[in-house]
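Computed from a predicted structure; not experimentally measured. Each ligand, and each atom within it, is numbered from 1 in the order the structure gives.
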Amino acid sequence: MKTFTIGNYLVFNKRIGKGAFSRVYKGFHIKHPDNIVAIKQIEHDNITKLAKNIKREIEVMKKLNHMYILKLYDVVYDYDNNNIYLILEYCAKGDMTSFLNSRPLKEKYVKKYMYQLSEGLKYLYKHKIIHRDLKLSNILISDTNDIKISDFGFARYFDSDTMVETLCGTPLYMAPEIMKYKNYTIKADLWSIGIIMYQMLVGKPPYNAKTFYQLVKMIDKYKPQLPNGLFVSPECSDLLFSLLVKEPTNRITWENFFNHIWIKNYISESMMIENNLINIDF
Ligand code: AMP
């Protein structure tokens, strides 16, 4: 396969992904050919426009080290061609949109991914970081089927009671309080997590609107509902509908999300399975 060189990295010509401002390739460090990495090229046309966000993304990501957070190894600046290359942990199974492929997951798998998402977000929360752009395509899947939260372009440090007034995010996942141009609170990500959880359970989002305006109206008018015939445990339903609460003050808190019984049960259930396997081994 054809390759090109970026700093000390050899990059395969075939693109593995494309974002709004980026192209993603596979490659490796010339001294570590066994360690495949993802190389994200930030397109030059947008560098000036995005400079602030990119720098923030780099600073935030470099400091993070958690099994459910995508690792940023290195940054290569190509001044001649005005490109920035982020050298990232490679996720063999791509992003969650293509992983799900509009198919619903069984509740037990949704629980596993929600547990991993909550652990990753708990780590960010401890470091006073909000993501601000949580969506299926920002959740990558490793070769061991574990999630890696990615794309901190909009993340920033926050004080626990500071309101963030910037408008950002994708409408489908955007909390109603941001859509209506009210202040951005640290609870907005919890709405996006609710949309993600719904998509995992149902295979599609709770609202199917064509325009931003339609979406605002639909959220105002209709409470999200699970489709007829889809049955989930009461704990699962409790978490889902505590996240998808329109009014941020009534929405579940971060602490209650991290400690929700349905998520906590994941650990005890996997321990039980492990113990049973140990018993069978004996
Ligand atoms: P992004 O610019 O981060 O939105 O990335 C665009 C697409 O490239 C994603 O939706 C993924 O399919 C793919 N991609 C991004 N980062 C990685 C990675 N670290 N490993 C594998 N695929 C990736």
Side-chain angles (χ1 to χ4, degrees), residues 1 3 6-7 9-29 32-47 49-78 82-103 113 116-117 120-121 124 129 131-156 168-174 189 192 195-196 199-200 205:
M1 195 188 286
T3 55
I6 298 299
Y9 293 85
L10 210 63
V11 188
F12 298 110
N13 233 346
K14 191 170 174 283
R15 204 180 62 200
I16 58 165
K18 193 175 175 350
F21 310 104
S22 67
R23 286 157 201 272
V24 185
Y25 300 91
K26 239 162 98 169
F28 56 86
H29 192 285
H32 310 286
D34 292 338
N35 188 16
I36 295 291
V37 292
I39 296 167
K40 182 161 154 181
Q41 175 194 31
I42 315 282
E43 286 165 9
H44 66 93
D45 280 357
N46 301 302
I47 277 204
K49 207 168 107 196
L50 285 180
K52 248 173 90 184
N53 287 334
I54 291 164
K55 278 189 186 150
R56 197 191 289 158
E57 178 174 28
I58 291 164
E59 286 317 303
V60 172
M61 279 187 79
K62 265 188 152 173
K63 288 183 191 147
L64 303 174
N65 188 14
H66 188 272
M67 64 187 301
Y68 301 131
I69 304 285
L70 191 75
K71 188 82 199 101
L72 170 66
Y73 299 119
D74 208 352
V75 183
V76 179
Y77 295 88
D78 174 5
N82 262 330
N83 279 324
I84 297 180
Y85 294 89
L86 304 181
I87 316 298
L88 299 154
E89 181 176 2
Y90 172 63
C91 290
K93 300 204 173 156
D95 69 60
M96 204 158 218
T97 315
S98 41
F99 184 72
L100 286 184
N101 197 15
S102 304
R103 281 182 309 236
Y113 291 125
Q116 297 189 345
L117 192 59
L121 293 172
L124 293 185
I129 294 165
H131 190 292
R132 296 210 286 176
D133 195 21
L134 282 170
K135 51 187 173 184
L136 282 186
S137 60
N138 281 340
I139 301 173
L140 300 177
I141 310 286
S142 73
D143 56 347
T144 54
N145 282 336
D146 294 311
I147 69 152
K148 305 278 173 180
I149 304 169
S150 95
D151 238 332
F152 292 87
F154 296 107
R156 57 178 277 185
C168 56
T170 311
L172 185 60
Y173 297 85
M174 203 182 267
D189 272 355
S192 316
I195 303 283
I196 289 170
Q199 277 184 299
M200 286 199 264

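Within the listing of ligand 1, atoms 18 (C), 19 (N), 20 (N) sit less than 4.0 angstrom from a heavy atom of A38. Residue K18 approaches ligand 1 through these ligand atoms, each under 4.0 Å from one of its heavy atoms: 6 (C), 7 (C), 8 (O).
For ligand 1, the polar-atom distance check finds no N/O of S150 at less than 3.5 Å from any of the ligand's N/O atoms. For ligand 1, the polar-atom distance check finds an N/O of D151 within less than 3.5 Å of one of the ligand's N/O atoms. Taking any N or O of D95, backbone or side chain, at least one lies under 3.5 Å from an N or O belonging to ligand 1. Below 3.5 Å of separation, one finds an N or O of C91 facing an N or O of ligand 1.
Between the CD1 atom in I69 and the CG atom in L121 there is a gap of 6.5 Å [rounded to 0.5 Å]. Between E89 atom CD and N35 atom CG the span is 9.5 Å, to the nearest 0.5 Å. Atom CD1 of I139 and atom NZ of K148 lie 13.5 Å apart (nearest 0.5 Å). Within the model, atoms CG of L70 and CD1 of I147 stand 11.0 Å from one another, a figure rounded to the nearest 0.5 Å.
Residue K40 touches ligand 1 through its side chain alone, judged by heavy-atom distances below 4.0 Å.
A distance-only check finds no donor-acceptor pair linking the side chain of S192 to the backbone of K135 [under 3.5 Å]. Between the side chain of D74 and the backbone N or O of I87, no donor-acceptor pair lies under 3.5 Å.
The shortest distance between side-chain heavy atoms of L136 and Y173 falls below 4.5 Å.
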Start with the C-alpha gap between D151 and K40, add the side-chain angles, then the distance that decides, and say whether salt bridge (Lys or Arg N to Asp or Glu O under 4.0 Å) holds. CA-CA 11 Å; D151 238 332; K40 182 161 154 181; 3.3 Å; yes
From CA spacing to verdict: side-chain contact (heavy atoms from CB on, under 4.5 Å), K26, I36: CA-CA 7 Å; K26 239 162 98 169; I36 295 291; 3.8 Å; yes
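With hydrogens left out, the protein atom closest to atom 19 (N) of ligand 1 is E89 O, 2.8 Å, a heavy atom. Nearest to atom 17 (C) of ligand 1 among the protein's heavy atoms is L140 CD1, 3.5 Å. Protein heavy atom nearest atom 23 (C) of ligand 1, with residue, atom name and distance: V24 CG1, 3.9 Å. Of all protein heavy atoms, the one lying nearest to atom 22 (N) of ligand 1 is I16 CD1, 3.8 Å. Ranking the protein heavy atoms by distance from atom 2 (O) of ligand 1 puts S22 OG, 2.4 Å first. Of the protein's non-hydrogen atoms, the one nearest atom 13 (C) of ligand 1 is G17 CA, 3.9 Å.
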